[in-house]
Q: 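There's a structure below that I have some questions on.
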Protein chains: 2
Amino acid sequence: PRAPFGPALLARVAAPLSPAHAPCCYGGSNTPSHHPKPLCSLPSLRTWTKEAAASCQRMKESWSAFDTFEHHFRPLVVIELAKDTKEETKEWLTQRIVDKKKNGGAQLLVKPLVKEDGGKIDGNQNVYLVGASHIRLLLGAETVGLVKECNDNSMRTFTYSSRNTFKDFAEDNHDFLTMAERQYIIKHELENLRAKDERMIPGYAQAKLYPGKSIMRRLMTSGILLQIFPLHDTEELKKLRYTWYGQVKISYQPLDQIRCYFGETIALYFGFLEYFTFALVPMALIGIPYYVFAWEDYDKYVMFASFNLLWSTVILEVWKRCCAIMTYRWGTLLMKRQFEEPRPGFHGVLGINPVTGKEEPVYSSIKRQIRIYLVSLPFVCLCLYFSLYVMMIYFELETWALDFHEENESYFSKLMLFLPSIIYAIVIEMMNRVYRYAAEFLTSWENHRLESSHQNHLILKVLVFNFLNCFASLFYIAFVLFDMKLLRQSLATLLITSQILNQFVEALLPYWLQKRHNKKAKKRVYSIKVDTDLSLFEQVNLEKEMGTYLGTFDDYLELFLQFGYVSLFSCVYPLAAVFAVLNNITEMYSDALKICRVFKRPFSQPTANIGVWQLAFETMSIISVVTNCALIGLSPQVNALFPDSKTDLILIVVLAEHILLALKFVMAFVIPDKPRDIQIKLARLEFESLEALKQQQIKFAAESLKEETHGEKKMN
Amino acid sequence: PRAPFGPALLARVAAPLSPAHAPCCYGGSNTPSHHPKPLCSLPSLRTWTKEAAASCQRMKESWSAFDTFEHHFRPLVVIELAKDTKEETKEWLTQRIVDKKKNGGAQLLVKPLVKEDGGKIDGNQNVYLVGASHIRLLLGAETVGLVKECNDNSMRTFTYSSRNTFKDFAEDNHDFLTMAERQYIIKHELENLRAKDERMIPGYAQAKLYPGKSIMRRLMTSGILLQIFPLHDTEELKKLRYTWYGQVKISYQPLDQIRCYFGETIALYFGFLEYFTFALVPMALIGIPYYVFAWEDYDKYVMFASFNLLWSTVILEVWKRCCAIMTYRWGTLLMKRQFEEPRPGFHGVLGINPVTGKEEPVYSSIKRQIRIYLVSLPFVCLCLYFSLYVMMIYFELETWALDFHEENESYFSKLMLFLPSIIYAIVIEMMNRVYRYAAEFLTSWENHRLESSHQNHLILKVLVFNFLNCFASLFYIAFVLFDMKLLRQSLATLLITSQILNQFVEALLPYWLQKRHNKKAKKRVYSIKVDTDLSLFEQVNLEKEMGTYLGTFDDYLELFLQFGYVSLFSCVYPLAAVFAVLNNITEMYSDALKICRVFKRPFSQPTANIGVWQLAFETMSIISVVTNCALIGLSPQVNALFPDSKTDLILIVVLAEHILLALKFVMAFVIPDKPRDIQIKLARLEFESLEALKQQQIKFAAESLKEETHGEKKMN
């Protein structure tokens with residue numbers, strides 16, 4: 001029913017069955033040498049489909065020779081190779097992609113991008129569309145371990161053989177897997193296309209290969225593969241955009257729809273953004289009267305800070321529960337992280353994975369530990385020290401500029417006052433960029449086996465540095481200069497300017513990029529708004545020029561720093577939460593616009609939680625207990641209450657801090673991470689899997705017994 | 001080969017096959033009305049055993065009618081009923097115990113205790129021996145989910161059908177299950193003997209029953225069942241005692257042997273005791289020069305305290321790893337807690353367990369939460385308050401007595417000086433006892449489903465109260481009275497007296513109890529040391545009079561309080577660790593003696609870790625960071641360094657405390673809880689169980705497909 005491509009395309013897609021169509025390179029059509037078995041006596045298309053489906057139902061055998069062919073080719077993923085890629089390489093690559101699983105191929109469908117009217121392509125001619133047959137996708141879903149809902153409403157790991165027990169499954173229902181899932185499967189299969197006995201990429205002697213090396217990764221690092229990205233589904237995107245931000249009415253975000261289209265990681269980010277905004281509302285509401293009535297009493301500040309601290313613990317604990325509910329529904333809560341395939345960039349000698357018993361690259365954990373603790377950790381510490389050193393220089397410059405201005409007051413000296421801030425801002429920005437590259441390089445070099453662990457190490461590295469860069473100056477003002485007025489001023493300036501800047505970049509960037517695109521895609525593409533009418537060729541060419549979405553990292557970082565501004569010094573500036581709420585509301589829309597319109601569609605990434613960010617937010621809330629208690633202790637109102645004895649004041653503050661910290665830990669301990677019904681469902685699944693293991697053991701024992709008896713009989 | 005019972009017993013044990021032996025009540029012998037199927041045409045004993053074994057191998061059916069009979073009856077567990085128990089009740093109970101599983105029985109063997117010479121029994125005649133056939137025990141091992149080592153050295157959940165894949169398994173190897181495991185299985189089966197449609201215990205109208213109620217529990221609460229305990233294996237015990245404490249040479253404790261004889265909980269306690277003692281040695285070694293050279297410098301104290309704090313974190317983290325290694329070897333690490341049967345005392349209406357889908361008593365979790373938070377928690381808080389109140393009265397009495405003595409110095413006033421301490425000690429002891437009862441009652445009333453969760457709640461309740469009772473006075477002296485001399489004195493007195501008292505009780509009690517036993521068991525039993533020569537009758541009578549071992553609770557509590565004395569105020573009294581080490585070395589021997597000789601043999605309890613004690617020790621080590629930092633801040637040497645500004649001193653101390661706490665958390669985070677090889681083994685098992693589930697789904701799908709095709713064919 002869904003056919004975004006014209007009939008011309010359909011005809012081309014059906015091409016493999018007629019060998020006259022040279023450009024299509026399905027398995028065996030133009031590289032027959034690799035296909036010793038002739039694909040003879042193929043029945044007519046219609047009969048074949050029916051027969052194949054029936055045969056697949058009958059056969060337990062799954063990587064059938066038939067499933068490489070399908071009459072309905074839907075391009076899902078685009079591969080762009082360099083313009084000057086050698087023919088030999090292209091042939092080899094496409095052959096490997098379409099080759100059978102048992103021959104080490106990915107058994108996908110691939111087809112070069114051509115103009116609908118058959119005209120010559122001006123730009124890069126080495127653009128390929130990758131798709132897969134329905135059966136291939138279902139088998140891929142089993143390989144990646146997708147969890148789907150069953151007919152009895154329980155969530156189970158999908159297997160091809162048990163496909164009929166799953167909800168909404170039908171042999172002809174091509175929407176059983178969401179498009180995000182289909183693209184994820186193809187990405188996974190492509191990334192796990194590994195070298196067999198090739199020593200190099202054909203045509204590129206310098207691009208060395210060794211058994212187990214990911215081919216796509218090597219192509220990427222050799223500069224042959226320019227990019228690989230999933231295609232948008234214009235109709236679906238239109239629908240999603242309408243429900244997401246096209247309507248005027250206020251509503252929750254369509255998280256399930258986002259998840260279907262963009263995958264779990266992005267849906268979880270928007271879920272967290274929404275949850276976090278709602279969670280900030282009480283803080284904002286309580287913060288408003290402080291501004292309106294200019295409350296400066298210490299008891300009110302203490303109340304506000306205490307509420308903030310406990311509230312931040314509660315919201316972080318409750319988020320875990322909300323997250324578990326969502327990801328259980330999406331099936332990612334049950335996806336096992338331990339059995340993840342090694343990440344594409346992971347390298348090592350081919351060995352046996354001790355867990356699965358399968359052959360895959362193996363890298364010594366001790367070596368990784370040594371790299372982490374003896375290289376990465378000292379490097380990060382050095383960077384932190386350097387960052388603090390730069391900050392100290394900035395403060396010295398500041399005092400120097402002030403002195404200079406006071407001594408010889410002139411127009412020049414007034415300008416000089418701004419100089420330190422400008423220099424510091426530039427240096428910080430430069431340091432951030434350099435550090436980010438270094439962190440990425442180091443984390444890659446640590447050679448983590450799993451993508452999640454790679455991400456966590458990267459996030460941790462960047463996080464610590466960003467935290468220091470953002471808050472070190474505030475800490476210095478608060479606890480070394482003891483200047484509350486300056487602190488409030490700096491805090492407000494930092495918070496508001498960073499928010500305005502972000503909004504500006506996220507709202508202006510789309511328009512600017514769209515304009516640039518409109519200019520580039522001159523022919524036929526008059527406006528991006530009518531992209532439903534674009535041909536596939538135009539759509540691909542438009543999308544491949546779009547920027548790449550670099551993941552939710554920066555968005556989370558923004559929220560994390562915002563949380564810092566709100567909670568770390570909350571008793572100094574209660575209005576921060578109000579700004580945060582206002583910012584987040586527009587943030588939702590600008591982020592949605594950004595991901596739908598500005599960037600290339602990102603690959604879906606299944607995830608069960610926000611990972612290391614949870615830890616980061618929790619750590620921030622613990623640090624904020626310390627800072628808030630210290631700030632209250634420093635406030636002149638509180639100091640006025642203890643005119644004689646500073647000691648008593650400090651002791652009381654420390655005591656209060658310890659009680660608050662203890663309370664936080666007790667709360668974190670008492671509030672369960674998963675709601676009871678999810679706990680029960682998980683326990684049931686575990687119970688079932690254990691029972692299944694027992695059943696298998698029984699079967700095994702019965703078989704071994706049979707053999708034994710058989711052997712004994714023979715002996716007799 | 002092992003036959004601790006004489007030939008007379010063997011003859012009696014083989015009795016069921018000859019109906020002339022009335023006292024033996026195997027299924028169907030004296031209560032034929034409950035056994036409608038006649039147990040006819042039994043082949044001769046020898047043929048039967050062979051045939052039955054063969055049939056059991058052939059049949060998948062497991063709860064065979066045959067397995068209630070075995071020629072080799074080994075009594076494992078003793079049940080003692082009240083003297084005046086009605087015949088009707090005894091008959092019903094024994095019938096229920098021997099009855100088939102499918103009829104709701106336990107399908108065990110039971111036999112009344114009789115004198116070997118056939119003489120009349122003077123004491124209680126209602127003592128029963130419970131055993132089980134080898135096959136029954138193996139099936140029971142599957143029911144309780146025992147994990148044993150396989151031939152390929154992996155640990156797997158035992159199933160009867162896969163028995164041949166397990167290491168050391170042979171059909172005639174009756175030592176495949178350790179004696180502790182066999183007794184645990186029998187206890188488990190007896191405890192899970194639940195009422196079917198009985199409304200009351202026959203003969204006792206007031207002892208109400210309802211479907212799903214544990215019969216043994218009701219018999220116990222009605223006073224009909226006096227006790228149930230496992231029998232000692234005198235030969236094995238002798239061997240164990242020899243390797244444990246019979247030799248003079250210094251060696252590690254035979255933890256694996258202890259585990260085989262007494263089960264995992266007790267072995268883990270001794271493992272922890274040994275580990276903890278070794279871990280204290282460095283502290284003790286560093287502490288000695290402080291005493292010898294009378295070091296009082298603050299920098300040395302700071303070093304000692306810092307080392308202590310970090311060391312205590314390290315040892316607690318490393319213990320988790322050691323514990324994981326041990327319990328993996330014992331198989332308990334893999335035993336699933338979620339699927340534990342409800343504990344015997346658990347009551348509720350019969351419902352469907354949402355996890356297993358099996359019928360069992362169900363109790364609302366919300367009701368339990370309400371009971372915990374609205375009744376237990378306030379009660380505990382009230383008790384804590386009361387305890388503190390009593391302590392304050394004690395300190396007031398102390399001052400009053402001192403004043404009284406100073407005012408009118410006399411012999412009477414001198415006596416009066418001791419009065420407050422004596423009264424306080426008595427009151428504390430009384431409070432402890434009353435509180436313990438109250439805590440046990442409350443925890444029972446909370447109606448936890450799992451024994452582990454019941455234990456954890458009980459331990460937590462008792463722990464908090466004991467902590468306060470032990471350390472509140474020390475805290476008061478340190479942080480309210482600021483009297484370091486008195487603190488050191490009190491600490492030393494408390495530590496040393498409590499240790500001497502404990503050693504005294506644990507070393508003297510055995511002798512005293514043995515003497516009492518020797519007096520009681522006059523006939524034939526001249527000395528307990530020749531107990532290998534005792535007849536079964538004498539052995540049972542001797543053991544049933546022994547005291548009941550109440551679990552490792554008090555032993556752990558002792559260690560916990562010792563850890564408190566060592567770490568909480570370590571910088572005031574560095575010698576504490578030395579005393580702790582010395583105490584623990586003798587403690588090991590006295591505890592071993594206690595469990596082997598003084599008490600009844602305890603039932604084995606599989607466990608994977610020391611449970612809530614880990615948390616308790618960790619909490620103690622966190623509290624000790626705070627107290628040590630505070631003590632260093634209070635010390636006159638440190639105060640002398642900051643003569644002008646107390647504020648600076650406090651700030652530095654607080655800063656140091658925060659850094660130490662942060663370091664502790666980072667260390668706890670960085671050190672993995674399980675060694676890498678155990679992690680891999682666990683991951684492999686999980687992977688296998690998931691693969692098995694997939695296989696099951698495939699099978700299910702294949703079957704449903706077959707049915708479908710069959711149905712279609714029929715339709716056609």
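Chain A is the first sequence line, chain B the second, and so forth, proteins listed ahead of strands; every chain is numbered from 1.
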Q: Does the structure place the NZ or CZ of A:R684 under 6.0 Å from the centre of the six-membered ring of A:F687, at an angle of no more than 45° from the ring's axis?
A: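 Relative to the ring axis of A:F687, which defines the angle, A:R684 lies outside at least one limit.
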Q: What are the residues of residues 657-668 of chain B, in order of number, with any heavy atom under 4.5 angstrom from a heavy atom of chain A?
A: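 Near chain A, by residue number: B:E657, B:H658, B:F665.
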Q: Please determine whether side chain to side chain contact (heavy atoms under 4.5 Å, CB included) holds for the pair A:Q369 and A:S365, giving the CA-CA distance in whole Å, both sets of side-chain angles, and the decisive distance to 0.1 Å.
A: CA-CA 6 Å; A:Q369 298 287 326; A:S365 156; 4.1 Å; yes
Q: Please look at B:L615 and chain A and tell me whether the side chain, the backbone, both or neither of the residue comes under 4.5 angstrom of a heavy atom of that chain.
A: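 The side chain, not the backbone.
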Q: If you take all heavy atoms of B:F166 and B:T159, which pair is closest and at what distance?
A: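 Minimum heavy-atom contact is CE1-N, 4.1 Å.
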Q: Are the side chain of A:S162 and the backbone N or O of A:F158 linked by a donor-acceptor pair below 3.5 Å?
A: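 Not confirmed, A:S162 side chain does not pair with A:F158 backbone.
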Q: Looking at A:I622, A:L649, A:T647, A:L682, which one has more heavy-atom pairs under 4.5 Å with chain B than the rest?
A: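 Of A:I622, A:L649, A:T647, A:L682, A:T647 has the most heavy-atom pairs under 4.5 Å with chain B.
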Q: Given heavy-atom pairs under 4.5 angstrom as the criterion, report whether the side chain, backbone, both or neither of B:I680 touches chain A.
A: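 Both parts, backbone and side chain.
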Q: Tell me if a side-chain donor or acceptor on B:K148 pairs with a main-chain N or O of B:F176 at a distance below 3.5 Å.
A: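 A pair under 3.5 Å: yes.
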Q: Which residues pass the side chain to side chain donor-acceptor pair (under 3.5 Å) test with B:N639, sequence neighbours left out?
A: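 Scan of B:N639 (side chain to side chain donor-acceptor pair (under 3.5 Å), adjacent residues dropped) gives B:K646.
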Q: Could you walk me through whether A:S154 and A:R156 pass the side chain to side chain donor-acceptor pair (under 3.5 Å) test, one step at a time?
A: CA-CA 6 Å; A:S154 65; A:R156 269 161 220 281; 3.0 Å; yes
